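Throughout, a chain's letter reflects where its sequence line sits, starting with A, and its residues are numbered from 1. This is a predicted model, so every value here is computed, not measured. Computed from heavy atoms alone, side chains included, the values below leave out hydrogens, waters and symmetry copies.
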There are 2 protein chains.
Amino acid sequence: MGVLPDDLACFAVHVAARELDNAYRPALRELGLTYPQYMTMLVLWERDPQTVKELGAALRFDSGTLSPLLKRLEAAGFVTRERSTTDERSVLVRLTTRGRKLEERGKDLVAKVFRTFHYSDRDAEHLHEEMRKLVAALDDRAATFGRGAGG
Amino acid sequence: MGVLPDDLACFAVHVAARELDNAYRPALRELGLTYPQYMTMLVLWERDPQTVKELGAALRFDSGTLSPLLKRLEAAGFVTRERSTTDERSVLVRLTTRGRKLEERGKDLVAKVFRTFHYSDRDAEHLHEEMRKLVAALDDRAATFGRGAGG
DNA sequence: AGCAATTGAGTTGTACACAACTAGTATGCG
DNA sequence: CGCATACTAGTTGTGTACAACTCAATTGCT
């Protein structure tokens, strides 16, 4: 009895994530951001400044992902990074004027692109709920098994 | 009015995909495969040989992803690659004895790991259906807008 | 105060994933 | 037949992601 990728829900999740990326890419290109960079900016537009650790918690990125990403945002002139004075281990990420200004163009981008999916509000909420459930199950599992020995 | 990544369904899909990856990683590590490599082997265990193009269609990978991935599978001794004699443009990917033998250990890995998620069959089918719907919507969109100008 | 353990950020190496491109092959059309 | 066109793989460059590691700063414990 055979199993193909298309038969697997987990494969479908990966495909969906990549296709979402592709859907958002052209619009984000005009902002000069990638999808993970845009998510980072979303956090900063709400809460500025943030430490690298706080960003990592909000985005579920580890330092190996976030450090180079933030360096690119800094190189693009959207953020600055400076050591915290109260705890020299932490680095504070702060929006530049340019980074704050990008919010005007960037804030309604999600809604604008999502509208082209022909997804009703109800469908979107279903989707979101299904994802929350899956992530919760995976978080539970990780808490039980640790990051170590798999099943 | 603020928007954070956690408020967005599309962000949740990305988080879910990454967490799924993390959940499968330890088990796949014992096979010496990554998740995308495992998906490739799943296809080959069902249909052997396959051209790079056919694999790409089944997995939704383009040649930029698949070519180096297949080279790694070849280096690991799981597949061979040879130019098709009927159409010299195509490359046939074929399981080695070692690659075929891996199926014994690999075929029930999906089910085994998925069981640790505490997801009922019904829940899994819900998830799968939700993903199919999203991918269908995104495919529709891509067909309409092309890969070009973003809405 | 002194020292071990922990924490926060960064680095290195490996592996996807996509855009843009190249090169060789096949096909279609005049 | 001969050439333009399309197709199949592969390459290069950029940007996530994660593991495993380093290093400095801080905290906890005695």
Side-chain angles (χ1 to χ4, degrees), chain A residues 5 11 14-26 28-29 32-40 50-57 59-76 81-93 142 146-148 150, chain B residues 5 11 14-26 28-29 32-40 50-57 59-76 81-93 142 146-148 150:
Chain A
F11 176 72
H14 281 88
V15 172
R18 281 189 281 129
E19 297 287 329
L20 274 172
D21 240 357
N22 292 337
Y24 278 98
R25 198 186 318 280
L28 287 172
R29 192 189 189 74
L33 295 173
T34 63
Y35 188 84
Q37 287 168 9
Y38 178 71
M39 289 298 123
T40 305
Q50 289 276 284
T51 66
V52 173
K53 182 183 171 58
E54 287 166 334
L55 287 174
L59 298 162
R60 288 172 175 252
F61 293 158
D62 73 354
S63 70
T65 300
L66 211 37
S67 285
L69 186 154
L70 290 170
K71 280 176 82 167
R72 284 187 283 273
L73 284 181
E74 187 178 37
R81 293 182 302 154
E82 49 175 328
R83 224 81 215 184
S84 162
T85 50
T86 59
D87 186 340
E88 295 257 356
R89 287 172 305 180
S90 322
V91 166
L92 278 171
V93 180
R147 262 12 197 188
Chain B
F11 176 72
H14 281 88
V15 172
R18 280 189 282 128
E19 297 287 329
L20 273 172
D21 242 356
N22 293 337
Y24 279 99
R25 198 186 317 280
L28 287 172
R29 192 190 190 75
L33 295 174
T34 64
Y35 187 84
Q37 287 168 10
Y38 178 71
M39 290 296 124
T40 306
Q50 289 276 284
T51 65
V52 173
K53 183 183 171 57
E54 287 166 333
L55 288 174
L59 298 162
R60 287 172 175 254
F61 293 159
D62 73 354
S63 70
T65 299
L66 212 38
S67 285
L69 186 154
L70 290 170
K71 281 176 80 167
R72 284 187 283 272
L73 284 181
E74 188 178 36
R81 293 181 303 153
E82 48 175 328
R83 224 81 212 182
S84 162
T85 50
T86 59
D87 185 341
E88 294 258 355
R89 289 173 305 182
S90 326
V91 166
L92 279 172
V93 181
R147 258 20 195 186

Q) Looking only at heavy atoms, what is the nearest atom pair of Leu69(A) and Pro36(A), with distance? A) CD1-CB, 3.8 Å
Q: Could you tell me the separation between the CG atom of Leu28(A) and the P atom of dG15(D), rounded to a whole number of Å?
A: 14 Å
Q. With a non-hydrogen cut-off below 4.0 angstrom, is Leu69(A) in contact with a base, only sugar-phosphate, or nothing?
A. sugar-phosphate
Q. Which heavy atom of Ser63(A) sits nearest a heavy atom of Pro68(A), and at what distance?
A. O-CD, 4.0 Å
**Q.** Separation between CG of Leu70(A) and CG of Leu55(A), rounded to the nearest 0.5 Å
**A.** 6.0 Å
Q. For the pair made of NE2 in His14(A) and C1' in dT16(D), what is the distance, rounded to whole Å?
A. 13 Å
Q. Could you state the CG-C1' distance from Asp62(A) to dG10(C), rounded to the nearest angstrom?
A. 11 Å
Q: Can you run down the salt bridge (Lys or Arg N to Asp or Glu O under 4.0 Å) pairs that involve residues 60-72 of chain A, sequence neighbours left out, and say none if there aren't any?
A: Arg60(A)-Asp139(A), Arg60(A)-Glu19(B)
Q: Please state how far atom CE in Met39(A) lies from atom P in dG15(D), giving the value in whole angstrom units.
A: 18 Å
Q.
Over all strands shown, is Thr86(A) touching base, sugar-phosphate only, or nothing at heavy-atom distances under 4.0 angstrom?
A. sugar-phosphate
Q. Any donor-acceptor pair under 3.5 Å linking the side chain of Arg81(A) with the backbone of Leu92(A)?
A. no
Q) Are Arg18(A) and dC16(C) close enough that a side-chain N or O sits under 4.0 Å from OP1 or OP2? A) no
Q. Counting only side-chain N and O atoms of Lys71(A), is one of them less than 4.0 Å from OP1 or OP2 of dG15(D)?
A. no
Q. For Leu66(B) and dC16(C), what is the distance between atoms CG and P respectively, to the nearest whole Å?
A. 10 Å
Q: Can you check each nucleotide of nucleotides 2-9 of chain C against protein heavy atoms at under 4.0 Å and return B for base, S for sugar-phosphate only, - for none, in 5' to 3' order?
A: -----BSS
Q: Please work out which of the three classes, parallel, tilted or perpendicular, describes the rings of Tyr35(B) and His14(A), given edges at 30° and 60°.
A: parallel
Q. In Å, rounded to the nearest 0.5 Å, how long is the span from CD of Gln50(A) to OG1 of Thr40(A)?
A. 11.0 Å
**Q.** For atom CD of Glu19(A) and atom C1' of dC18(C), their distance in whole Å
**A.** 12 Å
Q. Which pair of non-hydrogen atoms, one from Met39(A) and one from Pro5(B), has the smallest distance, and what is that distance?
A. O-CG, 3.7 Å
(Q) With a cut-off of less than 4.0 Å, is there a side-chain N or O of Gln37(A) near OP1 or OP2 of dG15(D)? (A) no
Q.
Classify Tyr35(B) by what it touches in the nucleic acid, base, sugar-phosphate, or nothing, heavy-atom distance under 4.0 Å.
A. nothing
Q: Working to the nearest 0.5 Å, report the span between CG of Asp21(A) and OG1 of Thr34(A).
A: 8.5 Å
Q: Can you tell me the distance, in whole Å, between the CZ atom of Phe61(A) and the P atom of dG15(D)?
A: 15 Å
Q | Rounded interatomic separation in angstrom, taking CG from Asp21(A) and P from dC18(C) | A | 8 Å
Q.
Could you report the tightest heavy-atom contact between Gly56(A) and Leu66(A), atom names first, then the distance?
A. N-CD2, 3.4 Å
Q. According to a strict under-4.0 Å criterion, is Arg72(B) in side-chain N/O contact with OP1 or OP2 of dC16(C)?
A. yes
Q: Could you say whether Gly64(A) or Arg25(A) is positioned toward the 5' end of DNA chain C, judged by the nucleotide with the nearest heavy atom to each?
A: Gly64(A)
Q | Net bend of the helix from dA1(C)-dT30(D) to dG30(C)-dC1(D), end axes of five pairs each, nearest 10 degrees | A | 20°
